[in-house]
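Structure first, then comments.
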Amino acid sequence: MDLLSFYNNSGFAHMEWINLIMIAVGVIFIYLAVTKDYEPLLLIPIGFGIIVGNIPPIEGMPLSVYAKGSVFSYLYLGVMKGIYPPLIFLGIGAMTDFSTMLSNPKLILLGAAAQIGVFLTFLGSLFLGFTPQQAGAIGIIGGADGPTAIFLSSMLAPELLGPIAIAAYSYMALVPVIQPPIMYLFTTKKERRIHMKPPRQVSKKEKIIFPIVAFLICALIAPGSMTLLGMLFFGNLLKESMVTERLANTARNSLIDIVTILLGFSVGASTQAQTFLTSQSILIFALGAASFVVATMGGVLFAKLMNLFLKDKINPLLGAAGVSAVPDSARVVHAVGLKEDPSNFLLMHAMAPNVAGVIGSAIAAGVLWSALGNF
Amino acid sequence: MDLLSFYNNSGFAHMEWINLIMIAVGVIFIYLAVTKDYEPLLLIPIGFGIIVGNIPPIEGMPLSVYAKGSVFSYLYLGVMKGIYPPLIFLGIGAMTDFSTMLSNPKLILLGAAAQIGVFLTFLGSLFLGFTPQQAGAIGIIGGADGPTAIFLSSMLAPELLGPIAIAAYSYMALVPVIQPPIMYLFTTKKERRIHMKPPRQVSKKEKIIFPIVAFLICALIAPGSMTLLGMLFFGNLLKESMVTERLANTARNSLIDIVTILLGFSVGASTQAQTFLTSQSILIFALGAASFVVATMGGVLFAKLMNLFLKDKINPLLGAAGVSAVPDSARVVHAVGLKEDPSNFLLMHAMAPNVAGVIGSAIAAGVLWSALGNF
Amino acid sequence: MDLLSFYNNSGFAHMEWINLIMIAVGVIFIYLAVTKDYEPLLLIPIGFGIIVGNIPPIEGMPLSVYAKGSVFSYLYLGVMKGIYPPLIFLGIGAMTDFSTMLSNPKLILLGAAAQIGVFLTFLGSLFLGFTPQQAGAIGIIGGADGPTAIFLSSMLAPELLGPIAIAAYSYMALVPVIQPPIMYLFTTKKERRIHMKPPRQVSKKEKIIFPIVAFLICALIAPGSMTLLGMLFFGNLLKESMVTERLANTARNSLIDIVTILLGFSVGASTQAQTFLTSQSILIFALGAASFVVATMGGVLFAKLMNLFLKDKINPLLGAAGVSAVPDSARVVHAVGLKEDPSNFLLMHAMAPNVAGVIGSAIAAGVLWSALGNF
Amino acid sequence: MTFTNIGLHNLNQSGLDALQFSLMGMALVFAGLLIIAIYIALLPLLLKIGTGKPKQAETSDSTNREEEEEILLAIATALHLHNNFPDGDERITWKSHGDMESPWLVSGRMHSLNSRKLANNWNR
Amino acid sequence: MTFTNIGLHNLNQSGLDALQFSLMGMALVFAGLLIIAIYIALLPLLLKIGTGKPKQAETSDSTNREEEEEILLAIATALHLHNNFPDGDERITWKSHGDMESPWLVSGRMHSLNSRKLANNWNR
Amino acid sequence: MTFTNIGLHNLNQSGLDALQFSLMGMALVFAGLLIIAIYIALLPLLLKIGTGKPKQAETSDSTNREEEEEILLAIATALHLHNNFPDGDERITWKSHGDMESPWLVSGRMHSLNSRKLANNWNR
Ligand code: NA
Ligand code: NA
Ligand code: NA
């Protein structure tokens with residue numbers, strides 16, 4: 001009980017430089033969120049979680065997310081068991097307006113095309129020696145959808161959940177940096193200037209029927225997507241039915257906020273440098289970046305392919321919104337379009353491939369899960 | 001990994017016609033909620049849950065509420081362990097104003113009389129060959145109170161929870177259809193035109209003391225009702241004490257909404273046709289309907305019985321509100337009263353037997369539980 | 001199934017006079033909260049919980065917090081596992097403004113000095129024969145911080161959690177009664193009249209950096225404080241970052257309210273007279289009172305000690321706010337100051353030692369936990 | 001992971017032809033979203049057919065009269081409640097429309113109770 | 001369930017006389033609600049007796065003066081806070097009244113702090 | 001607990017010197033809060049040094065022009081959205097600013113998207 005034993009029980013005794021690196025990463029996340037407004041709702045909880053997770057815990061004391069019986073381990077259960085992501089999807093469903101998608105169904109296919117990033121990254125990860133389960137979980141980073149990535153990792157490769165989640169959210173935050181160069185590279189100035197027709201009005205009836213039918217289609221084709229899409233479309237039905245406004249309101253406010261806080265913090269706190277900073281993690285970050293690039297390419301090029309057959313040309317920038325990363329990639333599309341032609345307003349149109357991309361990657365996750373899961 | 005194996009992993013391969021029937025039931029629930037405004041806060045979550053629960057899951061994959069380790073099974077835990085119903089009662093308590101009941105205590109007895117439906121249905125279920133535990137759980141459908149029915153089923157007969165919950169909520173939604181004929185049958189035109197005296201003002205002090213004393217009375221008589229009524233009166237104290245307004249507010253908004261979403265959805269999702277569509281379920285629906293009819297009769301006839309002794313006659317329509325189904329049966333009473341005499345306003349008076357009926361069926365549930373539970 | 005067996009199953013059969021005493025205590029808690037506005041957000045849930053917890057449960061039926069499988073036992077899990085207190089700290093963090101503390105860092109030391117109450121009570125409890133673990137948990141009552149006391153008790157001495165929690169909250173509610181005499185005793189009229197300089201403006205940048213750095217300092221010195229302070233400073237970062245306003249809002253409203261309801265109620269319901277009314281509990285209450293007195297003395301006397309060295313004298317009343325009991329002890333300081341000199345406004349200045357006291361007792365709890373925990 | 005295991009042979013392990021699987025996966029994603037797109041494109045047509053028939057204006061008159069009557073009753077109820085129940089004394093609570101803080105909301109409910117009889121209020 | 005087991009004999013199985021039990025159950029439900037009803041009917045009388053005695057107007061004067069003084073102090077505090085603490089700089093937060101966004105709320109608290117001494121504010 | 005075990009010997013049991021431990025504990029509490037106090041006292045100085053250097057007004061001009069241009073674009077977008085998308089038809093939802101119920105919020109986002117290039121907006 002002397003000074004030495006106190007020192008040995010303090011964080012100073014066990015702090016390693018790799019923990020300091022991770023703490024610096026956490027601080028950078030918070031800095032980016034505060035000063036650059038990059039996805040602050042995700043980066044601040046994750047960033048602070050990283051800082052907390054890299055304080056060296058006292059040997060045997062129930063402190064870290066990995067310590068049996070610790071409070072953080074209970075909060076982390078919602079990540080490990082895959083409970084938080086569907087609840088977030090419930091809230092997102094209660095926020096999402098599928099109107100533009102309903103008014104221009106052609107744009108939905110762009111959300112399918114962008115999923116090429118998922119499968120190419122899957123193949124790349126296999127090539128580099130990851131197991132099929134790990135490769136599937138890494139591939140889904142290309143879906144650009146945080147909750148989907150966390151859900152699939154927790155089911156297929158929980159040992160990689162930390163790096164996959166951090167990679168997914170980092171790149172989602174960096175969408176305004178990653179996507180524009182690729183969009184410029186694969187489109188001509190003339191293409192970027194294509195104006196879209198204003199969408200038609202969508203009736204209440206169409207909006208109410210949509211979540212039910214869309215759920216049935218997706219769940220029958222890929223039952224593995226039932227958990228995420230069931231909650232997404234359930235939330236949307238709560239919103240569109242007009243008679244459950246108070247439930248939709250709670251789902252898209254208190255509920256999603258509580259889950260976002262717990263999810264972000266505990267994912268961040270799971271990144272102890274000792275298990276996080278491995279060569280695997282670096283590979284995952286490289287694969288994740290590649291996957292975002294490929295997905296963006298996939299969307300843009302598929303739009304150009306569709307234009308070969310369509311009379312009313314699609315602005316191929318919209319393809320980039322197919323990666324999802326809702327709603328940031330839609331905003332990036334809008335911003336690039338505006339740069340080229342200050343009268344070209346793509347934001348609302350970009351929401352169609354954007355939300356279709358969410359559905360698309362949930363289907364992809366369902367397919368990967370059902371084929372690769374260890375049941 | 002060929003087309004055939006994909007087909008075998010899809011929902012198409014395992015879909016049976018009984019699942020399609022259940023999906024149609026789910027769609028009908030949603031349709032009734034949207035177009036007819038029947039209990040939408042319950043029917044929409046349950047309806048969508050039924051649809052989700054009847055997508056054939058992939059063998060061995062953790063998808064359905066019954067699959068170990070699935071997300072839905074974790075959400076369903078709150079149903080199975082009986083956790084959601086008391087939390088809903090907390091919110092209901094924080095919403096309920098017991099003023100009319102406090103101003104006219106005679107009307108409370110109507111809420112007791114309607115519980116005859118519970119015990120007659122219990123006897124009927126026994127007669128038809130159900131076990132005593134199952135019969136108790138089926139009887140409580142006559143309590144016309146969703147959370148109470150779910151709570152008691154989860155404790156006495158979890159294997160029947162699905163049909164009992166669906167029956168209870170269906171009939172609660174159909175109260176405006178079921179009750180009026182019985183009310184007309186057992187009352188004369190003159191009785192239906194009886195006007196009630198305006199209630200007296202109730203002091204703050206009475207309102208604050210009420211939940212404490214009422215809880216003590218009920219819990220001492222039937223300790224089994226402690227869980228539900230403890231939460232109901234706790235919520236009411238939060239509301240009436242005036243010093244915990246923020247807690248009451250959260251209990252009757254975010255908290256009850258979150259629990260309602262999870263409860264409704266997971267109860268719905270537990271109705272897989274393969275286990276749900278049995279001859280037992282059909283019997284339960286028949287018994288449930290009978291139980292609502294008997295409960296309504298019980299309330300109306302007891303009011304007429306009381307009138308034999310009272311100077312200030314009670315409008316016997318108020319007896320129908322004793323079944324609870326808060327606040328729908330009170331509204332039905334009001335509507336029937338208005339039809340007969342456009343100057344007869346029964347709504348507020350009907351709230352007294354209405355909330356008394358909630359307390360009454362919670363006591364009945366406590367009695368059934370303590371006598372029939374397998375401890 | 002006759003009248004006798006019903007009587008034996010009722011609460012009347014098993015009610016003992018010690019249960020009636022506890023029920024009276026619960027009623028007194030509610031009475032104090034309603035009529036005197038003493039900490040109603042805590043006393044009303046705890047008070048009603050005490051009433052519920054002292055209804056004699058039916059033998060073997062899953063009713064009480066201690067009965068395996070009961071609903072209340074699930075709600076109580078959040079207490080036993082120490083989950084509720086950090087979530088409450090998250091909400092408190094999202095409410096707390098550290099500005100005054102940042103503008104006058106000298107006052108922080110008063111929050112350290114008041115923790116003398118914790119360690120002297122620890123020694124006193126040891127002297128009286130409690131085990132070191134129990135003594136640590138009792139000592140923290142002097143921290144005057146409900147969630148910290150519950151957290152440490154659940155980790156060190158769960159068998160004493162009930163009495164410790166009730167003692168902590170009782171004395172926190174009685175701060176306006178306990179502190180003033182001590183404050184008068186140890187200060188002169190002249191000292192009580194010392195005016196404080198108005199605090200300086202604190203920049204946004206300082207406020208954002210503060211929770212991160214303060215967390216690192218505390219967690220490295222006492223990693224055992226990581227759970228509580230991690231959440232406290234996380235909540236504060238959500239508030240101060242300005243970009244996560246919606247998360248901060250949910251943390252300080254819905255989330256903290258839900259947890260407060262569940263925590264208060266289940267702590268109250270854990271006070272069954274049969275296990276609660278022991279000689280140990282009486283000792284704990286005596287030690288708790290002593291600990292509040294010592295803590296107040298510690299703060300006041302340390303302020304006078306500091307004045308020996310400072311040019312700008314500190315009003316020693318501010319020392320009393322160092323015990324935390326946020327924000328009541330700060331209000332008491334303000335009220336006593338106003339009594340002496342109607343132009344002396346100490347409220348804002350008292351918030352500095354007040355919130356420093358929260359941090360101080362969390363550090364003390366971390367130190368006690370890491371040294372005394374059974375890992 | 002030791003990087004010793006890089007190579008194309010990884011794409012064909014433990015019975016999984018990864019390339020074929022990926023093509024199949026993309027096909028399923030496209031299939032799902034394509035069917036949704038087709039459904040969306042066809043729905044307005046279907047709805048037009050569906051609502052073509054029941055557009056019979058015959059019942060509207062009697063319905064309107066019945067409805068009007070009910071509105072008058074609802075207003076009467078509302079006024080009655082407003083006059084006889086002092087503020088804050090009664091809130092019927094929960095379900096469908098949250099707290100009923102004003103008697104006008106109660107009247108709204110009364111009205112909607114009546115309108116349950118109306119068949120074609122799906123479009124509201 | 002095979003429907004082969006229908007019959008009155010089911011009402012008397014495994015030691016449970018279902019009919020007697022049901023009667024007892026209804027009796028308990030009535031007992032609970034009847035006692036509540038009686039309690040409610042008697043409470044106003046009890047409260048009248050209870051408040052009959054302490055209706056001594058003697059303390060009201062000194063209390064009022066003390067209270068008034070405190071109100072003045074509270075207003076002074078409020079003005080002081082308003083002038084010396086720029087907007088948004090300090091929120092004392094949590095407990096009892098939620099966020100204290102305006103100094104007037106603080107003053108309200110100060111006042112209620114004082115009023116704790118008042119014995120008969122139960123009726124407010 | 002039987003009260004038979006009262007005494008100073010309890011302060012030195014099972015290898016724990018309770019007195020020394022308590023002193024150490026108080027020291028740690030003081031250490032933590034003292035370091036925080038020192039940090040707080042020094043931070044404004046550090047921030048002054050930190051912001052002393054980058055106060056180069058050179059980029060401000062080009063930045064301002066670029067920014068102004070973007071503001072105009074944002075306003076144009078806002079007006080476009082307002083005119084072409086009937087109320088309630090589109091809410092982009094979630095993240096960063098909650099529901100975007102008015103096109104002005106969208107424009108605010110557009111603007112902040114652009115301002116990501118600005119280096120020294122930490123102080124806003
Ligand atoms: Na996607
Ligand atoms: Na009932
Ligand atoms: Na403290």
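Just so it is clear: chains get the letters A, B, ... in the order the sequence lines come, proteins before strands, and each one is counted from 1.
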How about [X] and [Y]: do any of their side-chain heavy atoms sit closer than 4.5 Å?
X: A:Val71; Y: C:Phe151; answer: yes
X: A:Met15; Y: C:Leu220; answer: yes
X: A:Val52; Y: C:Met231; answer: no
X: A:Leu63; Y: C:Pro223; answer: yes
X: C:Ser370; Y: A:Ile58; answer: yes
X: C:Arg246; Y: A:Leu41; answer: yes

Interface moiety of [X] toward chain A, non-hydrogen atoms closer than 4.5 Å:
X: C:Phe233; value: both
X: C:Ala222; value: neither
X: C:Met226; value: both

Report summary line: Of C:Leu255, C:Leu87, C:Leu247, the one forming a side-chain contact (heavy atoms from CB on, under 4.5 Å) with A:Ile258 is C:Leu255
Report task. Work out which heavy atom in C:Leu238 is nearest to a heavy atom in A:Ile44; give both atom names and the distance. Result ->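 That closest heavy-atom pairing would be CD2-CG2, 3.9 Å.
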Requested in this report: Considering non-hydrogen atoms only, spot the tightest contact between C:Ala251 and A:Ile261 and give its length.
Outcome: CB-CD1, 4.1 Å
Query raised in the report: Is atom CE of A:Met80 surrounded by more than 12 heavy atoms (other residues, nucleotides or ligands) closer than 6.0 Å?
Result: yes
Query raised in the report: Do the ring planes of A:Phe48 and C:Phe234 sit parallel (below 30°), tilted (30 to 60°) or perpendicular (above 60°)?
Result: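 Parallel.
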Query raised in the report: Which bit of A:Phe72 comes within less than 4.5 Å of chain C, counting heavy atoms only: side chain, backbone, both or neither?
Result: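 Side chain only.
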Report task. Could you check which of C:Val367, C:Thr244, C:Asn249 has the highest count of heavy-atom pairs closer than 4.5 Å to chain A? Result ->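 With the most close heavy-atom pairs to chain A, the winner is C:Thr244.
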